[in-house]
Amino acid sequence: MFIWIIKRDLLLAVRRQSDVLITLFFFIIVVSLFPLSVGPEMNLLRTMAPGVVWVAALLASMLSLGRMFSNDYLDGTLEQMLLSPQSLSILVLGKAFAHWIVSGVPLVLMAPVLGIQYDLPFDALLVLTGALLLGTPVLSLIGAIGAALTLGLRGGGVLVSLLVLPLYIPILIFGAGAVEANMAGIAFDAHLSLIGAFLLASLVFAPWAAAASLRVSLE
Amino acid sequence: MAINWFKYSSPASFYTLAGKMIPIFVIAAVIFLVAGLYIGFFVAPTDFQQGEAYRIIFIHVPAAWMSMFLYVVMAFWAAIGLAFNTRLSSMFATAIAPTGAMFTFLALWTGALWGKPMWGTWWVWDARLTSELILFFLYIGFMSLQAAIDDPRRADKAGAIIAIVGVVNIPIIYFSVQWWNTLHQGASVSINQAPAMASTMLTGMLVMVLASWMYSIAVILKRVRVIILERESHSAWVTELQKKGAV
Amino acid sequence: MLQGINLACVRGDRELFRDINFSVEAGCLMQVSGPNGSGKTSLLRMLCGLSNPAAGEIRWCNTPVRSLEGEYFSDMTYIGHLSGTKDDLTVSENLRISSALAGVEISFSQAAEALAFIGLGGRDNLPVKVLSQGQRRRVALARLLVCKTTLWILDEPLVALDVAAVQLIKEVLERHLQQNGIVVMTTHQEIDITASSKMQLHLA
Amino acid sequence: MNWSSWSEFFSMGGYGLYVWGSYAVVFLCIVAEVLLISNRRRTLEKQYGHIHDLNK
């Protein structure tokens with residue numbers, strides 16, 4: 001069942017390429033806006049790079065959160081998901097995983113390229129990609145809770161970001177912190193392990209909470 | 001006599017009970033407030049380090065504690081409402097949120113005004129002030145989610161879930177901000193180096209905390225009564241109350 | 001055997017119905033009728049577990065539905081007003097995915113056979129968005145052919161269907177009832193389905 | 001008693017602006033909150049007149 005949900009969502013993503021590309025281009029545009037605003041001065045950009053890339057990743061993955069459940073809600077497939085013998089949390093985990101693949105992985109692959117734009121040293125780029133790889137699934141998982149809660153509400157898209165951004169802050173801190181630590185030469189594994197811990201915790205709790213929110217929204 | 005707590009769990013009987021309790025808390029709040037202010041301004045000595053400006057702690061610290069405490073109480077009532085499907089506890093959670101948000105705003109405002117004379121800037125990225133700001137966002141998120149949903153039942157449950165997720169995240173956010181603060185600034189400056197507390201200062205502050213407790217309970221009870229009326233307007237007991245003119 | 005014990009439903013602060021009692025044995029068809037807005041759809045959504053009754057309880061094989069959760073869903077199929085199909089996917093993909101989600105994985109050939117039976121023969125690889133409303137309804141109802149559940153809860157299944165389709169669905173329902181299945185449905189068109197026992201539940 | 005005169009009390013050792021600024025805002029917020037609730041209650045009561053007739 002878990003596989004079917006992912007297969008279906010990836011099939012949908014392939015059929016509707018624009019969603020994937022929109023998220024990616026949004027990420028690229030936001031990241032390349034900063035040098036224009038702050039000036040091309042290299043070592044200033046270098047210190048800003050982790051923060052900018054991470055905030056852009058946060059916003060980009062939140063862009064498509066609103067649509068995670070709303071399409072299914074409108075055409076009735078979400079009801080069928082609630083009525084499937086498989087537990088709803090597994091299905092929500094599948095949805096979040098599919099959302100991560102569609103809007104998380106492209107960002108992770110693009111991040112090093114944009115890092116070069118900010119003249120980041122090579123190992124900082126590696127740490128940045130690693131941190132993003134660990135962090136973006138958490139964004140999709142916690143985002144799933146926000147998307148489920150604001151299902152079918154007018155102005156739901158904006159409300160999701162208001163609900164979910166405060167919960168992203170620890171990931172933002174440790175994600176950007178890992179890259180800064182690496183650039184400053186201090187050990188960054190503490191940051192990555194904390195993000196990993198956060199990932200495991202949200203893997204366990206987020207699907208359950210999102211399933212509960214779906215039941216509340218569809219009552 | 002055994003108090004049958006469940007008697008008060010129905011909105012109808014709780015409405016009248018709350019009506020009787022509000023004056024008690026209002027009086028208590030006023031008494032503690034006057035006592036606290038008197039101690040704060042007239043008994044507590046001037047601080048050798050910060051001069052008179054430190055007197056702001058008499059409202060900054062109670063506001064900060066109340067904002068944190070009220071969020072936890074709100075999450076508690078929201079969880080009870082979600083688990084036992086009791087409408088009254090969800091109404092309580094909805095009633096607590098605005099007061100909690102107000103205290104968070106006050107904590108931020110007084111924190112900024114205290115920071116200006118001490119460090120020359122209105123806003124200090126201190127760990128506690130920053131987590132207070134994030135707490136403010138959590139309150140706003142909770143209230144806007146509840147405002148966006150028309151059906152009160154769904155609003156209560158959705159609010160409960162975001163409150164529980166929020167309360168689970170508060171310690172995480174607090175420690176990550178704390179950690180982030182020490183990483184960047186190296187704890188040179190932070191509010192939690194409270195000045196050596198003379199006993200009168202401490203008592204002044206504690207009395208002010210009691211005053212803010214009494215005030216919050218009174219205000220929240222008052223708001224719960226209004227929410228009960230709003231949601232129970234169709235039920236019969238409200239119309240009798242209306243006839244008796246005791247609304 | 002499906003039982004409803006003094007069910008009540010509140011929508012907003014209006015009470016749609018209260019003290020609804022019924023018991024549907026195997027092989028029985030229950031038709032829920034009533035004017036628009038009388039809570040037919042709410043009752044059906046309650047029966048399939050999408051929403052909780054304000055009062056009363058629903059029992060499946062004498063155990064409350066609330067404690068059954070997963071098992072109950074594997075015995076029940078619900079088709080509501082929404083077609084439950086994705087516009088971008090083709091007809092056969094929709095059918096295979098929706099039946100997989102309901103717990104029954106079917107092959108391409110089984111899907112093609114069900115679609116042929118329901119009258120969508122040559123349209124297996126068409127995306128659903130090009131289909132007419134009636135054809136989408138047929139795709140949704142095609143799920144009844146492949147699912148192996150005993151309880152069918154159908155919310156106005158015959159809407160937007162042409163005469164041939166209505167006849168087809170009548171046969172499917174009759175075959176299901178003969179095999180001791182249970183059907184709970186709402187419909188405005190009068191259709192006579194021969195069933196061992198029929199019940200009428202009228203919501204005022 | 002720390003203060004010899006009222007003017008000294010209000011100047012608050014030069015920090016008057018900050019101390020009284022924060023106390024004033026606290027007082028304003030409390031009054032605003034209480035007013036908001038009673039206002040919400042008054043609109044309800046107006047509405048009640050309407051609801052009450054309905055139930056008669």
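To find a chain, count down the sequence lines: A is the first, B the second, and so on, and within it residues start at 1.
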Spacing of CG belonging to A:Leu218 relative to CZ belonging to A:Phe69, to within rounding of 0.5 Å: 10.0 Å
B:Ile140, part contacting chain A, at a heavy-atom distance under 4.5 Å: both
Any side-chain heavy-atom pair of B:Thr121 and B:Lys116 under 4.5 Å: no
Contacting moiety of B:Val177, where chain A heavy atoms sit under 4.5 Å: both
Part of A:Leu149 within contact of chain B (heavy atom distance under 4.5 Å): both
Contacting region of A:Phe205 [heavy-atom separation from chain B under 4.5 Å]: neither
Residue part contacting chain A, namely of B:Asp151, when any heavy atom lies under 4.5 Å: neither
Pairwise side-chain contact, B:Trp213 with B:Phe69, heavy-atom cut-off 4.5 Å (strictly under): yes
Greatest number of heavy atom pairs closer than 4.5 Å to chain B - which of A:Leu165, A:Ile173, A:Ile169, A:Ile142: A:Ile173
A:Glu219 and B:Arg153 ion-paired at < 4.0 Å: no
Side-chain heavy atoms of B:Tyr139 within contact of B:Phe103, under 4.5 Å: no
Partner chain A: residue of B:Ile149, B:Leu133, B:Leu145 with the largest heavy-atom pair count (under 4.5 Å): B:Leu145
Pairs of heavy atoms under 4.5 Å with chain B: top-ranked of A:Val164, A:Leu167, A:Ile145: A:Leu167
Proximity breakdown for A:Leu214 and chain B, heavy-atom pairs closer than 4.5 Å: neither
Check against side chain to side chain contact (heavy atoms under 4.5 Å, CB included), A:Asp72 and A:Lys95: CA-CA 11 Å; A:Asp72 296 350; A:Lys95 288 288 289 180; 2.6 Å; yes
Minimum heavy-atom distance A:Leu91-A:Met81, with the two atoms named: CD1-O, 3.4 Å
